[in-house]
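Here the structure comes first, spelled out in structure tokens, and everything after it is commentary.
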Protein chains: 2
Amino acid sequence: MATQRTPRTDPLTLEVVELIGTVVARYHEEYEEAAAEHALTGAQAKLLSLLTLEPLPMRRLAQKLRCEPSNVTGIVDRLEARGLVERRPDPEDRRVKLAAVTEEGRRVARGLRDALDFAREPLAGLSHEERLSLRALLLRMLAA
Amino acid sequence: MATQRTPRTDPLTLEVVELIGTVVARYHEEYEEAAAEHALTGAQAKLLSLLTLEPLPMRRLAQKLRCEPSNVTGIVDRLEARGLVERRPDPEDRRVKLAAVTEEGRRVARGLRDALDFAREPLAGLSHEERLSLRALLLRMLAA
DNA sequence: TATTGTTATACTCTATAACTATA
DNA sequence: TATAGTTATAGAGTATAACAATA
């Protein structure tokens, strides 16, 4: 079966594409702002948030952040210098270092998440049914 | 009238927030990829795209890109070195320099836009009616 | 030999402050 | 004096390549 091509010139499609671009832009701006309120860069905020779930090897962090492992060294260095993250040995493999949030790091991450929830609050304007529709539409988009 | 608070703990809301985050992440990845295919950084791609509409003063570009004017100098420098952009004097004010795309720049921008349209193609999975719904929902979100 | 994390290097983006040429 | 663009500087993220310790 041949894959069907979307009509790129369809004005409605173009408008929706434009709107998605706007949502993406606003999402990013507010993410950066929220991070900056805690004196974090975007990359630092992402890494810190990842670690609130569980300690992770440096290598694993690089995969999650989609960057080279050498970069993670610096980001963790800076977070560690502020006492938000610490490096622990991995009992199972002495080559591995596990990055883990400290208590202070967890506090900052909590504040960050609250700010982000607020940033994402445009959803407030939608009813329960509308949220259901939006979920379905987003799922279909992502499945494409 | 008191502003109503969205229930942040509502599982559906959290799920939709998560989905939006996923869409945002994918959008950005594909934007960077598309730019990289033309040996452009994200900032360079944005600036180049802006200029395809009309030549703009450096100051104006900084506003559009939401960065300091001093940064625009470097980005335009690099694009100019590749012959994709040129600086023109403004006949009305000799302090102003207008950045404008060259023919070659326009060609690259066109290729970039095509790649982006392709990247945004997840919309292909939606019917006309679904695109209408999505537009309405996005508009309501952005209005919040 | 292969893998983990690090270091060294170089480039880009970023903001701040100081400078120049115009207005 | 105010504004437009630039330069100088410093910090952060990024990729590449080479390295030490461990597997």
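In what follows, chains carry the letters A, B, and so on, assigned in the order in which the sequence lines appear, proteins first and then strands, with residues in each chain numbered from 1. Values below: every heavy atom of this structure, side chains too, minus hydrogens, waters and symmetry copies.
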_Determine whether B/Thr102 and B/Val85 satisfy the following criterion, side-chain contact (heavy atoms from CB on, under 4.5 Å), listing intermediate values before the conclusion._
CA-CA 5 Å; B/Thr102 61; B/Val85 158; 5.7 Å; no

*Evaluate salt bridge (charged side-chain N to carboxylate O under 4.0 Å, His left out) for A/Arg26 paired with A/Glu29, printing each intermediate quantity in order.*
CA-CA 5 Å; A/Arg26 182 180 304 180; A/Glu29 276 169 37; over 6 Å; no

*CA sep, side-chain torsions, deciding dist, call: B/Leu132, A/Val16, side-chain contact (heavy atoms from CB on, under 4.5 Å)*: CA-CA 8 Å; B/Leu132 279 173; A/Val16 173; over 6 Å; no

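In this structure, the CD atom of B/Glu86 is 16 Å from the P atom of D/dG5, given to the nearest Å. In this entry the distance linking CZ of A/Arg82 with C1' of D/dG11 reads 14 Å, nearest Å. Between B/Asp77 atom CG and D/dT7 atom P there is a gap of 7 Å when expressed in whole angstrom units. What separates CZ of B/Arg59 from P of D/dA2 is a distance of 15 Å, to the nearest Å. B/Arg87 places its CZ atom 12 Å from the C1' atom of D/dA4, with the value rounded to the nearest Å. Distance CG (A/Leu61) to C1' (D/dG13): 15 Å, rounded to an integer number of Å.
Under 3.5 Å, the side chains of A/Thr13 and B/Arg131 contain a donor-acceptor pair of N or O atoms.
Taking the charged nitrogens against the carboxylate oxygens, A/Arg82 and A/Asp77 have no contact shorter than 4.0 Å, which rules out a salt bridge. No salt bridge links B/Glu80 with B/Arg78; every basic N to acidic carboxylate O contact stays at or beyond 4.0 Å. Under 4.0 Å is where a charged nitrogen must lie from a carboxylate oxygen, and between A/Arg88 and A/Glu86 at least one such pair does.
Scanning DNA chain C 5' to 3' for nucleotides with an atom closer than 4.0 angstrom to a non-hydrogen atom of chain B gives a first and last hit of C/dT12 to C/dA23.
Nearest heavy atom pair, residue B/Pro55 against residue B/Leu98, reads CB-CB, 4.5 Å. Scanning all heavy atoms of the two residues, the minimum distance from A/Thr52 to A/Arg106 falls at O-NH1, 3.2 Å.
Side-chain atoms of A/Asp90 and A/Arg95, non-hydrogen and from C-beta on, never get closer than 4.5 Å to each other.
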*Under 4.0 Å protein heavy-atom contact, by nucleotide of nucleotides 16-23 of chain D - B base, S sugar-phosphate only*: BB----BS

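Heavy-atom distances under 4.0 Å link DNA chain C to B/Thr41, B/Ala43, B/Gln44 of residues 39-52 of chain B, given in residue order.
For D/dG11, the OP1/OP2 oxygens have no side-chain nitrogen or oxygen of A/Arg78 closer than 4.0 Å.
Other residues, nucleotides and ligands place no more than 12 heavy atoms under 6.0 Å from the CD atom of A/Glu18.
Across all strands shown, A/Arg60 has no heavy atoms under 4.0 Å from either base or sugar-phosphate atoms.
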